[in-house]
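Following: one structure in C-alpha cells, then a few remarks.
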Amino acid sequence: MNLFIRSLLLLLVSCTSIVHAADTGWLRNAQNSHAEVRLRSANNGADAQILLDIRLEKGWKTYWRSPGEGGVAPEIRWQTPDVNATWYWPAPARFDVSGLTTQGYKGDITLPIALAKVSNKHLAGTLTLSTCSDVCILTDFPFTLDLDQQADPDFARDYARAMGQIPAESGLTDQLDVSNVNGELQIRAQRQGGWTKPELFFDYPKGSMLAAPQITVKGDILSARVAVTDEWGEAAPDLRGKTLSLVVVDAGIAQQSSVIIGAQPLVSDSTSQTLWSVILLALLGGLILNLMPCVLPVLAIKLSGLVQQQGQSRRQTRQQFLASSAGILFSFLLLAALMTGLRLSGQALGWGIQFQSSGFLLLMVLVMFLFTASLFDLLHFRLPSGLNTRLATQGGSGLLGHFGQGAFATLLATPCSAPFLGTAVAYALTAPLPQLWLLFAALGIGMSLPWLLVAALPGLARCLPRPGRWMIHLRTLLGLLMLLATFWLVTLLIPHWGSTVATVLGGVLLLVLCGWLIQRRALQQAGVVFITLTLVGAVFLMTRIEPEEETLYWQPLTEAAINQALEQDKRVFVDVTADWCITCKVNKSRVLNQPDVRAALKADDVVLLRGDWTQPDPAIGEFLRKRDRVAIPFNQIYGPALPHGHILSPLLSREAVISTLSEAKK
C-alpha cells in the first residue's frame, strides 16, 4: 500500500510538471486585476513556437507593435541567453486614450511568437504589458517554459488559427504608393474589387508622429492624407526615400506592406477640384448666413439703412451699399488675419471663438447700445466737417457709417453656423495660409451678395413707401430689436463675470436708456422699452428653469466616454454648444425639446454627452479638430451600427435625429 501511494504521488508530481512546463497557465498580478496572460509553447526541432494569450476586461486595451501617440507595446525581457524571437501581430484597431490616438487591441487577443535555433530548452523571462482605460497600468508577468515537455494537444490548431489572423504580404491591393508632400503623407491604393470600409495602420518612421489618416474612396481608388510631425509635435521631418511599413485592412482582409516614400503628389488633381468646390461652398455659406436667426440685429441695421435711402439719388444708393459690402469683406479679412495669428501662435481655431472673450463681448455690448441710441434718435454720429464735406462732394454722404454697418453685421453674424459654412471654414483653417485668405474672402463676398445686388440695381432700395410717420414707428421697432440683441450679449457675460455683475450692467444700460428717453420727452418710447425688456427678462428666467421630468441628463463630453458607451453596446448623442451660439438655441427649441425627440434621447441605451464651448476649452477644440470641424453647433450620433459616428447637419431636424438614432442600433 505504501508503495502504491508513493507511486501515485510521484505520478501526480510528474503530470503537474508536464502541464506547467509547456503552459504557464493564466498569470495574474495583484496590482492589475483587469488583465491576465498565458504563455504556451511547443518544440519544433531546432525551432520553437509560443502563443501569448491576453485577456482584458471590458473597457481595457493594450497596444500593437507601434502604439501610436502614447502607450507601450507588449515586450518580453528574456533571462535565457541567445533567444531569437520573432513576434507576429494581428491587425489592430485605432482608439483614443486620454485624447491621444493609439493603435492596439481590446478583448481577447493571441500573439504568435517564433523562436529560431533554440539552444536552451528552459526559457525564462518577464512579459511587460501596458493596459489602459481611463488610466494606464504597466504590469510585469514573470514566467518559465520548458520546451522539452509535451505541448497542449490543441496548440497546433491554435497556433495555425492565430497565424491566420496575421496580415498577408499581398492579396488586398493591386497597387500601393506613398509620397511625402508639403508635410503630409499621401497614400494611393488601388483594388480591383473596390473598397468597403478601409482602414490604415502605420509603423511610425523614426523621429516622426503620424496622425489618423483622412481616407476618401472613389471607385477602386483609395486616397489618404496623413499629417506628419516630429516626436514633439513640431515641424514635419522629411520622409522622402525612407520606408513606410503599414497595414491596410478592408472587409476582414489585412495586408502588410513596406513602401518606399516618394515625392510625387498622389492626390493633387483632387486637391484642385476640392479647393474650387470649397470656394463654392464658402460663397453659398456666406449667402445663407444672411438668413440665419443670429442676424436679427443685422437685419435691423440693414432695414435702418434702407429707410434712410428715401429721396437719394441712384448714385448715392449704389455708393452706400458698395461701402456696406466693403465693410463685410473687410471684416472677413480681419477674421482671416485673426485666424492666421492664432495658427502661427499655436492657439485654438474656430468659427465665432471671439465670443469666448469677455473683452470682445463688452465692446460689442457698448457698440450695440450706441446703435440702439442712434435708432431711438438719441445719438447722432457726426464726422469731422472736412471729411463730411469731401464725402458729400463725392456724392456719398456717410459712406464711413455704411462701411461700419457692414463690418458690424459680419461680427454679429459669427455666432451662427450656416449650412455649407462649417465645411468651408474647417477646410480654410487647415489649408495653407493663401487658401485660408481666399476662402474667407469668398465667405465675405457670399454674405455681401444681397448688398451688391442692391448696388447693381439701386431701384430696389427705392421700392419702400413714401416717407411718413411709419418711419418713426419702424425706427422704434428696429431700436427694440437692437436693444434685445444688446441684452442678449449681456447674458453672454454671465459665465465670465457671474449673474450679479451681468444683471447690474443690464440694469444700468436700461436706466440710462429710459432716463435718456424721458429727458427727451419720449415718454411713450421709454414705456415701451421698459415693458418689453421686463417681459423678455421674465420669459428668459422662466425658460432657464426646466421641470424635473423634462430634464435631459447630460454627461461631460470625452473620447473615453464615447468609447466606454460603445463597448457597452449603447448609442451616444453628442452635442457641442455654447451660450453665444444662437443656432444651438434654435436647435434646442425646434428639435431637442420636442416630445418625440426627448423620448428617443431618454431611451435606456442612449448616453447623452455635451461639450460647452462658451469659454475656451482646448479639449473641445481638439475634439472638433479630429472631426474636421471648427464651428458649432456640432452633433454626432454613435452606436453599435455606427461605431465611427454620423455627423448631423448644423440645422437639426426631428426626422434626422430620430432616424439616425434608430439606425445606430444593432
Side-chain angles (χ1 to χ4, degrees), residues 285 289-301 331-332 334-335 338-339 342 347-369 371-372 407-418 421-422 425-426 429 443 447 481-499 501-503 505-506 509 536-537 539-541 543-544 554 557 575-590 592 610-621 623-624 629-635 650-652:
L289 199 58
N290 288 278
L291 307 177
M292 300 303 294
C294 53
V295 296
L296 278 177
V298 180
L299 292 176
I301 297 174
S331 282
F332 272 98
L334 189 64
L335 288 173
L338 172 64
M339 297 303 173
L342 289 175
Q347 301 298 313
L349 301 178
W351 178 253
I353 59 173
Q354 68 271 22
F355 279 79
Q356 297 174 347
S357 166
S358 59
F360 175 82
L361 289 173
L362 180 61
L363 175 64
M364 294 303 295
V365 166
L366 297 177
V367 170
M368 293 291 289
F369 185 75
F371 269 113
T372 302
F408 280 111
T410 303
L411 294 178
L412 290 173
T414 51
C416 280
S417 177
L421 179 70
V425 174
L429 296 186
L443 286 167
M447 185 173 175
L481 289 175
M482 189 69 67
L483 185 61
L484 292 176
T486 303
F487 278 85
W488 165 69
L489 290 172
V490 171
T491 64
L492 299 185
L493 290 169
I494 293 177
H496 299 275
W497 295 347
S499 57
V501 175
T503 301
L505 176 61
L509 293 178
V536 171
V539 172
F540 173 76
L541 292 176
T543 55
R544 288 177 68 89
W554 297 92
L557 173 62
D575 181 38
V576 182
T577 183
D579 288 346
W580 45 263
C581 173
I582 297 186
T583 310
C584 303
K585 307 291 186 185
V586 173
N587 284 341
K588 182 178 179 181
S589 175
R590 289 182 54 254
L592 299 183
R610 172 167 284 171
D612 188 348
W613 215 24
T614 301
Q615 299 188 61
D617 189 333
I620 294 179
F623 180 89
L624 294 173
R629 295 295 187 275
V630 292
I632 57 173
F634 175 85
N635 296 100
L651 287 177
L652 293 179

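For the numbers below, each heavy atom of this structure counts, side chains included, while hydrogens, waters and symmetry mates do not.
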Quick one: are Leu362 and Trp497 in side-chain contact, heavy atoms under 4.5 Å? yes
Leu509 versus Val365: any side-chain heavy-atom pair under 4.5 Å? yes
Taking side chain as C-beta onward, heavy atoms only, is Trp554 less than 4.5 Å from Asp575? yes
Roughly how far, to the nearest 0.5 Å, is CZ of Phe623 from CH2 of Trp613? 12.0 Å
For Thr614, side-chain contact (heavy atoms from CB on, under 4.5 Å) partners two or more places apart: Pro495, Ala578, Asp579, Trp580, Asp612
Minimal non-hydrogen separation, Val576 against Leu624, with atom names: CG2-CD2, 4.3 Å
From Gln615 atom CD to Ile620 atom CD1, the distance as rounded to the nearest 0.5 Å: 10.5 Å
Is a side-chain donor or acceptor of Asn587 paired with a backbone partner of Leu652 at a separation under 3.5 angstrom? yes
Tell me the closest heavy-atom pair linking Ile494 and Ala502, and the distance in Å. CG1-CB, 3.6 Å
Are the side chain of Thr491 and the backbone N or O of Trp488 linked by a donor-acceptor pair below 3.5 Å? yes
If you define the side chain from C-beta out and look only at heavy atoms, does anything of Leu492 sit under 4.5 Å from Leu489? yes
Here the gap from Phe634 atom CZ to Cys584 atom SG, rounded to the nearest 0.5 Å, amounts to 12.0 Å
Under the 3.5 angstrom rule, does the side chain of Thr503 hit a backbone N or O of Ser499 as a donor-acceptor pair? yes
For the residue pair Arg610 and Thr577, establish whether any side-chain heavy-atom pair is separated by less than 4.5 Å. yes
Drop me the distance from Met447's CE to Ser331's OG, to the nearest 0.5 angstrom. 8.5 Å
